[in-house]
Peer 1: 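Would you mind keeping the following structure in view while I ask a few things?
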Amino acid sequence: MRVAVIPGDGIGREVTAEAVKVLQSTGRLFGRTFDLVQLPWSADHFLKTGETLPANGYQLLREFDAIFVGALGDPRVPDNRHARDILLGTRFELDLYVNFRPVRLIDDRLSPLKNRGCKDINFVVFRENTEGVYVGVGGRFKAGTDDEVAIQEEVNTYKGVHRIIRHAFEYAKAHSLTKLCMADKSNAMQQGHALWQRVFKEVAALYPGISATHQYIDAMAMFLVSDPGQYQVIVTNNLFGDIITDIGGALQGGLGMAASANMHPGKTSLFEPVHGSAPPLAGKNVANPIGAILSTALMLETLGAREESKAIERAVEAAVREGKTTSDIGGSLGTRESGDWIARAITKNK
Ligand SMILES: NC(=O)c1ccc[n+]([C@@H]2O[C@H](COP(=O)([O-])OP(=O)(O)OC[C@H]3O[C@@H](n4cnc5c(N)ncnc54)[C@H](O)[C@@H]3O)[C@@H](O)[C@H]2O)c1
């Protein structure tokens with residue numbers, strides 16, 4: 001498997017090193033070779049060379065089986081230009097329309113909610129990843145004056161909305177899940193979200209075995225903390241998916257625990273922890289590498305290496321169970337030591 005590895009900025013570099021360590025340990029045990037090609041694209045690279053990614057960058061990425069990203073974002077690049085080109089650019093150019101973010105609590109001890117544990121916090125979120133307000137359509141008029149007008153358009157297309165909703169239903173069906181909830185704000189956003197309503201009803205009719213419900217996103221934000229057990233599969237747009245999966249990160253014990261996949265089924269996809277570059281933690285060996293490590297498990301599962309993926313998940317569960325973790329989830333290990341422990345805990349045994 002040929003994987004492009006972009007460690008990026010801040011703690012992205014540190015957690016990627018641990019993800020790579022675990023991947024290599026898994027490869028050794030299962031007799032699989034990973035050809036991991038490190039790409040330097042980052043704030044450092046941009047500040048040194050003026051290049052965010054090379055002219056043929058997206059084409060280069062398409063030639064890999066998968067892409068792994070640590071995180072991008074650096075206070076020295078205040079407009080985040082490099083992150084926009086490298087991360088958002090790759091999502092758009094490779095048409096990675098499915099942002100898959102599982103939310104699974106792996107130990108009751110890590111639950112931030114009173115009387116809610118692993119049995120209540122276990123669902124997946126499908127976030128539309130190529131449209132919405134993230135497309136950068138809009139402009140500013142009379143910028144910097146008291147008369148400034150700032151317009152940021154939200155783009156929703158029939159094709160874009162249809163394919164993410166369809167994908168979420170297909171996932172539910174393939175995993176024998178019977179509850180799917182779509183979240184929008186169609187009461188207030190009466191154009192774009194009317195399209196979500198229409199498409200959702202149209203697609204739901206094709207899956208009579210799945211109970212398809214709708215919630216306004218503000219109500220969902222509340223229910224995610226008061227009654228997360230009601231969810232199995234959630235589908236929503238780009239902005240709302242971004243926000244509620246940070247709540248999802250907290251439900252799993254913290255942002256450092258959350259993994260994600262940016263996919264175009266059948267094509268090169270990108271895997272990354274949900275968190276960003278967390279500048280205050282960078283360089284201190286304190287960042288939790290589990291979100292990054294679980295993202296490699298998602299990558300292996302997507303590439304068909306299911307046993308290897310399960311082995312990584314089991315090692316992470318053991319680390320959490322035994323408290324061999326970083327301090328954000330109650331342990332006393334550093335980032336490197338946490339990665340070492342998980343890499344050593346990879347086994348073939350069920
Ligand atoms: N996918 C990405 O690359 C991505 C995602 C989000 C934010 N960003 C960028 O990252 C930079 C920082 O953004 P932010 O501070 O809003 O979000 P962030 O996710 O980087 O960090 C928010 C807070 O969450 C906690 N946290 C995050 N990851 C952790 C980990 N692995 N272990 C322990 N604690 C962890 C820390 O308390 C941290 O201060 C910005 O430049 C932003 O644009 C990038």
Side-chain angles (χ1 to χ4, degrees), residues 4-19 22 39 41-47 52-53 67-92 96 99-101 110 112 125 127 129 133-134 136 238-239 241-263 269-296 298-299 316 319-320 324-339 342:
V5 178
I6 306 173
D9 304 323
I11 64 166
R13 293 165 180 273
E14 297 167 60
V15 298
T16 299
E18 302 318 306
V22 170
L39 299 171
W41 309 341
S42 61
D44 273 353
H45 182 74
F46 174 59
L47 292 169
T52 55
L53 74 179
I67 305 158
F68 185 89
V69 173
L72 290 150
D74 188 304
R76 293 171 302 163
V77 188
D79 66 356
N80 248 339
R81 191 175 143 206
H82 70 301
R84 267 208 317 279
D85 279 4
I86 299 165
L87 192 59
L88 286 184
T90 302
R91 287 177 181 166
F92 291 138
L96 305 176
N99 193 332
F100 175 61
R101 295 185 161 187
L110 299 187
V125 178
R127 163 191 175 192
N129 213 26
V133 286
Y134 288 32
N238 205 339
L239 177 63
D242 193 356
I243 297 169
I244 63 166
T245 53
D246 268 30
I247 302 177
L251 292 176
Q252 294 171 84
L255 260 189
M257 297 296 288
S260 81
N262 299 258
M263 303 188 288
S269 295
L270 183 155
F271 301 83
E272 54 169 350
V274 171
H275 65 75
S277 55
L281 308 188
K284 297 182 177 157
N285 194 37
V286 296
N288 185 347
I290 287 182
I293 291 169
L294 288 176
S295 300
T296 67
L298 278 182
M299 178 173 87
V316 167
V320 172
K324 303 293 184 191
T325 65
T326 47
S327 59
D328 55 307
I329 54 167
S332 58
L333 300 184
T335 307
R336 284 188 293 276
E337 294 69 27
S338 167
I342 294 168

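Both counts, for ligands and for their atoms, begin at 1 and track the order of listing. All values derive from a computational prediction rather than experimental measurement.
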Peer 1: Please state which part of Asp328 comes within less than 4.0 Å of ligand 1, counting heavy atoms only: side chain, backbone, both or neither.
Peer 2: side chain

Peer 1: Give the residue, atom name and distance (to 0.1 Å) of the protein heavy atom nearest atom 27 (C) of ligand 1.
Peer 2: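 Closest protein heavy atom to atom 27 (C) of ligand 1: His275 CB, 3.6 Å.
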
Peer 1: Testing the basics here: between Ile86 and Ser42, what is the closest heavy-atom pair and its distance to 0.1 Å?
Peer 2: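 That closest heavy-atom pairing would be CD1-N, 4.0 Å.
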
Peer 1: Under 4.0 Å between a Lys/Arg side-chain N and an Asp/Glu carboxylate O for Asp44 and Arg13?
Peer 2: yes

Peer 1: Should you measure from each heavy atom of Ala71, which atoms of ligand 1 turn up under 4.0 Å away?
Peer 2: 3 (O)

Peer 1: Can you tell which part of Leu87 has a heavy atom less than 4.0 Å from ligand 1: side chain, backbone, both or neither?
Peer 2: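 The side chain, only.
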
Peer 1: What residue and heavy atom of the protein are closest to atom 37 (O) of ligand 1, and at what distance?
Peer 2: Leu281 CD1, 4.6 Å

Peer 1: Ligand 1 and Gly276, any nitrogen or oxygen pair closer than 3.5 angstrom?
Peer 2: yes

Peer 1: With a 4.0 Å cut-off on heavy atoms, is Gly291 touching ligand 1?
Peer 2: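 No, Gly291 has no heavy atoms under 4.0 Å from ligand 1.
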
Peer 1: Apply side-chain hydrogen bond (donor to acceptor under 3.5 Å, both in side chains) to Asn238 and list each qualifying residue two or more places apart in sequence or on a separate chain.
Peer 2: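 So Asn238 forms a side-chain hydrogen bond (donor to acceptor under 3.5 Å, both in side chains) with Arg127.
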
Peer 1: Enumerate the atoms of ligand 1 whose separation from the nearest heavy atom of Gly73 is less than 4.0 angstrom.
Peer 2: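 With Gly73 as reference, the close atoms of ligand 1 come out as 41 (O).
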
Peer 1: Between ligand 1 and Ser277, can you find any atom pair, the residue atom being a heavy atom, that is separated by under 4.0 Å?
Peer 2: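 Judged by the 4.0 Å heavy-atom criterion, Ser277 does count as contacting ligand 1.
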
Peer 1: Regarding Asn129 and Tyr134, do their side chains bring together a donor and an acceptor under 3.5 Å, going by distance alone?
Peer 2: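 Tyr134 and Asn129 do not have a side-chain donor-acceptor pair below 3.5 Å.
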
Peer 1: Give the residue and atom name of whichever protein heavy atom lies nearest to atom 20 (O) of ligand 1, and the separation in Å to one decimal.
Peer 2: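 For this ligand atom, the closest protein heavy atom is Ala278 N, 2.8 Å.
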
Peer 1: Closer than 4.0 angstrom, basic N to acidic O: yes or no for Asp74 and Arg76?
Peer 2: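 Looking at Arg76 together with Asp74, the answer is yes, because their closest N to O distance falls below 4.0 Å.
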
Peer 1: Tell me which protein heavy atom sits closest to atom 43 (O) of ligand 1, plus the residue, atom name and distance to 0.1 Å.
Peer 2: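 Sorting protein heavy atoms by distance from atom 43 (O) of ligand 1 puts Asn80 ND2, 3.1 Å first.
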
Peer 1: As a quick check of understanding, evaluate side chain to side chain contact (heavy atoms under 4.5 Å, CB included) for Ile6 and Phe68, giving each step before the final call.
Peer 2: CA-CA 6 Å; Ile6 306 173; Phe68 185 89; over 6 Å; no

Peer 1: Please report the shortest heavy-atom distance between Val274 and Arg101, naming the atom on each side.
Peer 2: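 Smallest interatomic distance, heavy atoms only, reads CG1-NH1, 3.6 Å.
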
Peer 1: Looking at atom 18 (P) of ligand 1, would you say a protein heavy atom lies below 4.0 Å from it?
Peer 2: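 So far as the 4.0 Å threshold goes, atom 18 (P) of ligand 1 is in reach of a protein heavy atom.
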
Peer 1: In the complex you have, is atom 25 (C) of ligand 1 within reach of the protein, judged by whether a heavy-atom distance drops under 4.0 Å?
Peer 2: no

Peer 1: As an exercise, identify every atom of ligand 1 less than 4.0 angstrom from a heavy atom of Ala287.
Peer 2: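 Under 4.0 Å from Ala287, ligand 1 has these atoms: 32 (N).
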
Peer 1: Please report whether atom 1 (N) of ligand 1 has a protein non-hydrogen atom at a separation of less than 4.0 Å.
Peer 2: yes

Peer 1: What part of Ile11, side chain, backbone, both or neither, has a heavy atom within less than 4.0 angstrom of ligand 1?
Peer 2: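 Just the side chain.
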
Peer 1: Where on Val69 is there a heavy atom closer than 4.0 Å to ligand 1, on the side chain, on the backbone, on both, or on neither?
Peer 2: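 No part of Val69 is near ligand 1 at this cut-off.
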
Peer 1: Just by distance, with hydrogens left out, do His82 and Asp9 show a side-chain donor and acceptor under 3.5 Å apart?
Peer 2: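 Yes - a donor-acceptor pair under 3.5 Å links their side chains.
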
Peer 1: Does some side-chain heavy atom of Phe100 sit less than 4.5 Å from a side-chain heavy atom of Asn262?
Peer 2: no

Peer 1: By number and element, which atoms of ligand 1 are closer than 4.0 Å to a non-hydrogen atom of Pro279?
Peer 2: 12 (C)

Peer 1: When you compare ligand 1 with Glu272, is there at least one nitrogen or oxygen pair between them that comes in under 3.5 angstrom?
Peer 2: yes

Peer 1: Can you tell if the side chain of Phe46 reaches within under 4.5 Å of the side chain of Arg81, non-hydrogen atoms only?
Peer 2: yes

Peer 1: Could you tell me which atoms of ligand 1, counted from 1 in the order shown, lie closer than 4.0 angstrom to a heavy atom of Leu72?
Peer 2: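 In order of numbering, the contacting atoms are 3 (O), 8 (N), 9 (C), 10 (O), 44 (C).
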
Peer 1: As a test of the contact definition, would atom 13 (O) of ligand 1 count as having a protein heavy-atom neighbour under 4.0 Å?
Peer 2: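 No, because not a single protein heavy atom sits under 4.0 Å from atom 13 (O) of ligand 1.
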
Peer 1: Tell me every residue that passes salt bridge (Lys or Arg N to Asp or Glu O under 4.0 Å) with Asp328, counting only those two or more places apart in sequence or in another chain.
Peer 2: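 With neighbours one apart ignored, the set is empty.
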
Peer 1: Considering only the protein, which heavy-atom contact is closest to atom 22 (C) of ligand 1, and what is its distance?
Peer 2: Leu255 CD1, 4.2 Å

Peer 1: Protein heavy atom under 4.0 angstrom of atom 9 (C) of ligand 1, is there one?
Peer 2: yes

Peer 1: When you check the side-chain N and O atoms of Asp85 and Thr52, is any donor under 3.5 Å from an acceptor?
Peer 2: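 Note: Asp85 and Thr52 side chains meet the donor-acceptor criterion.
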
